[in-house]
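Heads up: the structure comes next, in structure tokens.
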Amino acid sequence: MSQRWDNLTALVLCRTSPLSNCVPRKSALSIACWPACRSDRLFVCGVALAAARPRFCRNSTGSVAEAAEQRSYSFGIDRFKVEDYAALVETFCGASKKLDFEKIFRFAPKLNGHQLKAACQWLVNFKELSTDTFIEYLRSQRLASNVDLGEVQAVDLTDLKGVDDVLRNLEINIVLPLENDALANQYKLRSKRGVLLYGPPGTGKTTVGRALAHRLKSKFFLIDGTFITGTSDFYNRIHHVFEAAKDNAPSIIFIDDADSIFEDGEERGLYRYLLTMLDGLESESAGRVCVMMTAMNVAHLPPALVRSGRVELWLGMKLPDPQARAEILSEHLQSLPEELRNAEVPRLIAATEGFTGADLKRTVEDGKAIYAYDKAKGVELRPTTEYFMSAVEAVKENKERYAEAEAQAALRPKFPMHGFMRSFISSQVIRGDEDE
Ligand SMILES: Nc1ncnc2c1ncn2[C@@H]1O[C@H](COP(=O)(O)OP(=O)(O)OP(=O)(O)O)[C@@H](O)[C@H]1O
Ligand SMILES: [Mg+2]
């Protein structure tokens, strides 16, 4: 900056949002920022300007009233750059020299002053401040994500059995570019822009979302049935999610049960909006935001949404094969009290052809409940495996009834709330501790 600050008599600040809430109360800058945020982003102040840091400012282009422009110098405050991160952190906790701000900036390029200040206030408690601690803080605090991880069951991608190819693809195309900053930078890795995760109910699609939420933390944004279509702030909420995801790019937007959300054919507005958003992402963030949708029935998704180009990666969740069923059953059985753990897994595997991961979990839970019931009644106990075989039959019956109900529903004219109801119910799933 060539101007001599002490000679200035007036300063016009516009676009002050990056600085909101982050400068000491009494500085000239905060005096200028405070009303500027409220009055059409324009404020003229005639105070000493030494406190205003030149590095935050640049010449403004347009939008400042002509009269004010003639009597003052005017500056717009742009998004922070790497140097600004360093300057602010130095101001807030005086430890900036040890930190790799290039790396922090790559991880979270659009932090505002308020967020940097919050990070510093927390990190000041650490004796040794390191770049990794700083980044871990940004991750753990979920500065931007709209998901409260405390409400999401802690699961790992490796908890899903028999879908190794899907997990490998997720690791390569989403997790690695988002999680491993150094490699992503070295090899210019980009997550896929559009990913569709499809498969029968109960095959682990929402579980993938939960695992990614825990793994990617502040990089993960969720749209699900709690975004109630037809309500007045629906588009607003969607818009905010996309904006936050773009601000925190690289990031992921996970749209759970997209087929249910779009199933109400009436909700044309939503998917048009989504298409616009997706196309916007193509140009604005050059593939730095990944949109992952889950669907039970790909046929219920609007063709324009799935047409080649928008969905770059199709991942099919399949029913577990015998080996995967063995792993899932054994894992669930191991979590039971000792006396129930010795069930004959090979018999159960043979009887559960066509079962999903969710069905197998239910089988083990139901078997345990029947056993506990017999015990409570004081009747003579059967061999353990028999309890789980009874549960298998009950789950099979349920599945048949479900299939019948689905077939009948397909013949009836659509109940307008159907899609919403299903996605609402499933929203209890992703945000709930348990999935049942
Ligand atoms: N392949 C699998 N391995 C282990 N557990 C699984 C597997 N598939 C599903 N499960 C378990 O089944 C339960 C239900 O899974 P989830 O809710 O993720 O299924 P979904 O595909 O989202 O179903 P829906 O289409 O009904 O929403 C979870 O507890 C999950 O861990
Ligand atoms: Mg689901």
Side-chain angles (χ1 to χ4, degrees), residues 147 151-170 195-215 220 222-227 254-263 292-301 314-336 345 348-349 352-366 368 391 395 398-399 401-403 405-406 409 418-436:
V147 177
E151 288 182 15
V152 178
Q153 186 189 2
V155 283
D156 193 85
L157 285 177
T158 53
D159 293 343
L160 291 168
K161 310 296 177 202
V163 283
D164 294 354
D165 49 338
V166 172
L167 302 187
R168 186 165 175 275
N169 263 306
L170 287 171
V195 180
L196 182 61
L197 193 62
Y198 62 95
T203 46
K205 302 180 293 296
T206 300
T207 305
V208 167
R210 288 189 198 127
L212 291 179
H214 280 280
R215 189 93 174 258
F220 181 92
L222 174 69
I223 294 175
D224 65 5
T226 57
F227 286 60
F254 190 87
I255 307 180
D256 202 18
D257 290 310
D259 50 348
S260 301
I261 296 179
F262 293 117
E263 200 171 24
M292 185 188 281
M293 292 172 279
T294 74
M296 234 172 50
N297 196 337
V298 176
H300 289 165
L301 288 170
W314 295 66
L315 297 175
M317 301 294 282
K318 46 183 190 286
L319 296 174
D321 63 12
Q323 195 197 326
R325 292 207 296 281
E327 286 179 50
I328 297 170
L329 282 166
S330 305
E331 210 158 275
H332 288 308
L333 287 170
Q334 283 318 301
S335 68
L336 298 183
V345 174
L348 296 176
I349 296 170
T352 51
E353 175 77 42
F355 273 35
T356 62
D359 296 331
L360 295 169
K361 187 174 178 182
R362 172 130 307 279
T363 300
V364 173
E365 283 299 306
D366 286 0
K368 176 184 73 178
V395 172
N398 268 335
K399 282 167 74 72
R401 288 205 199 106
Y402 177 81
E406 283 273 285
H418 175 75
F420 155 68
M421 283 307 289
R422 189 172 182 282
S423 56
F424 180 74
I425 291 164
S426 65
S427 75
Q428 309 301 308
V429 171
I430 196 157
R431 291 174 197 268
D433 273 348
E434 265 307 310
D435 46 291
E436 303 298 331

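Numbers here simply count residues along the sequence, with the first being 1. Indexing begins at 1, ligand by ligand and atom by atom, following the structure's order.
Under a 4.0 Å N-O distance rule, the pair D359/K399 qualifies as a salt bridge.
Annotation: R210 places no N or O atom under 3.5 Å from an N or O atom of ligand 1; distance criterion only. Polar contact check, L160 against ligand 1: no nitrogen or oxygen pair lies under 3.5 Å apart. For ligand 1, the polar-atom distance check finds an N/O of A358 within less than 3.5 Å of one of the ligand's N/O atoms.
Here the rule is side-chain contact (heavy atoms from CB on, under 4.5 Å) with V208, and of T294, V155, T203, L197 only L197 fits it.
Of the possible polar contacts, one joining the R325 side chain to the I349 backbone as a donor-acceptor pair under 3.5 Å is found. D156 places no side-chain N or O within 3.5 Å of a backbone atom of D159 that could act as its donor or acceptor partner.
For G357 against I328, the heavy-atom pair with the smallest separation is CA-CD1, 4.2 Å.
Counting backbone and side-chain atoms alike, T206 contributes an N/O/S atom closer than 2.8 Å to the Mg ion (ligand 2).
Within the listing of ligand 1, atoms 2 (C), 3 (N), 4 (C) sit less than 4.0 angstrom from a heavy atom of I328. Contact atoms of ligand 1 toward P201: 23 (O), 24 (P), 25 (O), 26 (O) (distance under 4.0 Å to a heavy atom of the residue). Those atoms of ligand 1 with a heavy atom of G204 less than 4.0 angstrom away are 8 (N), 9 (C), 15 (O), 16 (P), 18 (O), 19 (O), 20 (P), 21 (O). Shown in contact with T206 at under 4.0 Å from a heavy atom are these atoms of ligand 1, numbered in order with element: 17 (O), 18 (O), 20 (P), 22 (O), 27 (O).
Here T203 has heavy atoms under 4.0 Å from ligand 1 in both its backbone and its side chain. Residue contacts with ligand 1 for D159 involve N, CA, C or O but no side-chain atom from C-beta outward (heavy atoms, distance under 4.0 Å).
Looking at residues two or more places apart in sequence or on another chain, you find a side-chain hydrogen bond (donor to acceptor under 3.5 Å, both in side chains) between K368 and E365. Remark: D165 engages K318 in a salt bridge (Lys or Arg N to Asp or Glu O under 4.0 Å) (not counting sequence neighbours).
Ligand 1 has no atom lying under 4.0 Å from any heavy atom of G162.
Contact of the Q323 side chain with the K161 side chain is not registered, since no non-hydrogen atoms from C-beta on lie closer than 4.5 Å.
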